[in-house]
Amino acid sequence: FACFSRHPPTHPFCSRPAPAMFSACGDSMTPALRLACVLCALCRIGLCDEMAFVDVSADDKIHIRSLDVAVSPMVGARSLFAADPMAAHDWANPGTVRTCLDAQIAASRATSPAGERLQALEKELAPLYAILPKNGQGFLDDSVARYGLHRYFIKQHRWSVKGLEPAGASWVKEIEMASDVKQMSKYMVPAYLQQLVAEKLGNGTGVDLHGFAIIASTLRHLAHAEITEYLYSVYRTLGYPISGGKAQHEVEDIVFTFMLVYAFGTDLEVSQLSDVRSERRYLEAHHTGWKELCSFIRGQLRAARPAPNDFGSTLAFVEGLTGEYGRWQNNDCRTAADRFASLPGAKAHGRVPVAGLTPGPQWGRRAILREDGDEMTRLGVVENDTATGKPQLLVPNYLLSQAMCLTTAGVHTVCCYNECDDLLAKVESVAGGPEASVGDIVSALDVAEAGKESLTKLVGEGGQGKVALHGRAFAEWMHRSFPLTCPAPSDGSARTSPKTPDEWMADPGEEKGSTED
């Protein structure tokens, strides 16, 4: 294939630099392949907004076809000022998704290391599966399965997987996939996977434990494949051979460049070595966050045992780094939470007046609270004070909203960790299921006397002696009892707000998503 954009200075047909490509291999090529090499060399000179592929048939005919997704021509330091630096990384190939899923299904039916890993994952997920509410047939509905998958990935990897959170395509009940679609939004992948699993493994009544593990394993495999692809691109762009060990400064160079892709959205498919170097120089001169990130990475490299030096060990290191990056970024969330907690009324009610809140360094490395009133309303993080009518910020709702998330080039975003999930998990562990008695809740949580009284009333209203742990009534009680930790349930008008379990598991209705849109 060839590309009609700025592409790395090599071509699949030749391993030589693009300017010398024609002279280096032209004599041994058919006219059609020679033309393809010339086109790719011209890419270095002309900028355009679209990537295309050249199909060369057996009779030397050339057929040009373009991708569905435009590729930004912004490279180097300029890419940092793109409207959406991650735009080039927000797409997945449906064929790759299907292939990964089929591989996991095949592994589950075979005696192999992959099959053993899948069995181990199924055992790991069994306790979580057991406490989630089931439908009438004893299985998970799709929305409940997505909630459970989110709980798993956020706990194990600090990944907020794109499309699992309700702000993404998890609200879409059915995916219509046109047969000729080449790329789909990563936010549609989980819903698409669920639909495929239902078709291949399902019994039409919901998601069983095996299907639950298959989806989790496929998402994990997709993440691994993507990180591997990014790392290959880093080696290629920097000019390092894949084989052999690397010196310490070379490994550092590789990992820093990987984080340019992962955290800043650098698109190595349209970048050259000089572009990467210029971006690094700009960040080192003007971006204090980059300096802190580099310091964090160096600390991780020093602590790595054994130290990464070849491709395999470096791949293992950067995979672990993606999780540690989420934990490191969560320090900003803790700093902001502590700052909010020091404001009048926050500890008692989890709310502070919007008036007087201004962005600034007091909140940590990141400047937060930059949203205007309309944006905060859309996020579902403000409500009017019943006494004064003035807007108040719901502190846990804001900290757990998309406003505090950092997107990555991977299959997930980095968001503030929801500590309310840990409280809920304690109750679930004691109760052993999706419902709990007052005694279960009190023994699991440090509940004030007033909280015990309101909890008793709550159970009495249900008339069953137990409360649904993932229902709205219990979410409201959790917010009243832990106002700075647990978000307040929304009124349903803000679809991107942090969702309480009952809102997360709500039936999305008859909505459909189409890859043709």
Side-chain angles (χ1 to χ4, degrees), residues 1-12 17-18 39-54 65-93 96 162 182-187 189 222-240 242 253-284 286-287 289-290 293 297 315 318 321-322 325 406-414:
F1 71 91
C3 65
F4 299 104
S5 63
R6 295 186 65 188
H7 202 271
T10 56
H11 187 278
L39 288 172
C40 197
L42 291 176
C43 289
R44 302 280 310 284
I45 302 171
L47 283 175
C48 54
D49 297 333
E50 187 175 11
M51 183 176 290
F53 292 83
V54 176
R65 55 190 174 87
S66 62
L67 286 177
D68 291 347
V69 182
V71 178
S72 171
M74 299 182 72
V75 295
R78 290 187 302 147
S79 67
L80 298 171
F81 300 95
D84 182 4
M86 291 293 175
H89 304 291
D90 276 342
W91 307 94
N93 184 289
T96 301
K162 295 173 181 177
K182 306 178 188 72
Q183 301 288 326
M184 67 185 299
S185 168
K186 287 180 181 177
Y187 289 87
V189 169
L222 285 169
H224 169 77
E226 189 170 55
I227 290 173
T228 304
E229 179 184 351
Y230 289 153
L231 192 60
Y232 269 116
S233 296
V234 168
Y235 272 71
R236 183 190 66 230
T237 302
L238 297 180
Y240 292 124
I242 299 297
D253 189 24
I254 290 167
V255 176
F256 283 0
T257 305
F258 172 84
M259 290 305 288
L260 278 182
V261 177
Y262 179 78
F264 287 82
T266 300
D267 185 4
L268 295 184
E269 292 301 314
V270 294
S271 300
Q272 304 173 40
L273 178 59
S274 59
D275 299 321
V276 172
R277 296 306 186 211
S278 72
E279 189 174 357
R280 286 270 299 272
R281 285 194 299 271
Y282 180 87
L283 289 171
E284 287 162 3
H286 301 286
H287 199 296
W290 170 254
L293 177 59
I297 294 171
L315 175 60
V318 296
L321 187 63
T322 61
Y325 174 71
L406 298 174
T407 189
T408 73
V411 299
H412 63 280
T413 56
V414 173

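Keep in mind that the numbers below use all heavy atoms, side chains included, and drop hydrogens, waters and symmetry copies.
At least one side-chain heavy atom of Glu226 sits under 4.5 Å from a side-chain heavy atom of Lys186. With a 4.5 Å cut-off on side-chain heavy atoms, Leu283 and Leu260 count as touching. In this structure, the side chains of Lys162 and Asp90 come closer than 4.5 Å at one or more pairs of heavy atoms. Using a 4.5 Å cut-off on side-chain heavy atoms (C-beta onward), Met184 and Asn93 make no contact. At a threshold of 4.5 Å between non-hydrogen side-chain atoms, the residues Met259 and Tyr262 count as touching. Residues Thr322 and Ile227 are in side-chain contact: their nearest non-hydrogen atoms beyond the backbone lie under 4.5 Å apart.
Atom OH of Tyr235 and atom CD1 of Ile254 lie 3.5 Å apart (nearest 0.5 Å).
The two residues Val318 and Leu231 have their closest heavy-atom pair at CG2-CD2, 4.4 Å. Contact detail for Thr257 and Asp253: the closest heavy-atom pair is OG1-O, 2.8 Å. The minimum heavy-atom distance linking Val270 with Asp275 is given by the pair O-OD2, 4.2 Å. Minimum heavy-atom separation, Ser233 to Glu269: OG-OE2, 3.7 Å. Listed here is the closest heavy atom pair of Leu315 and His224: CD2-CE1, 3.9 Å. The nearest pair of heavy atoms linking Ser271 to Thr237 is O-CG2, 4.4 Å.
Residues Thr266 and Glu279 have side chains that bring a donor and an acceptor to within less than 3.5 angstrom of each other.
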Can you check side chain to side chain contact (heavy atoms under 4.5 Å, CB included) on Thr413 and Thr408, steps first, answer last? CA-CA 6 Å; Thr413 56; Thr408 73; 5.7 Å; no
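Between Tyr282 and His286, the ring-plane angle classifies as tilted under the 30° and 60° cut-offs.
Between His89 and Tyr230, the gap from one ring centroid to the other is short of 6.0 Å. Ring pair Trp290/Phe264: centre-to-centre distance below 6.0 Å. Ring centroids of His412 and Tyr325 are separated by 6.0 Å or more, keeping the two rings apart.
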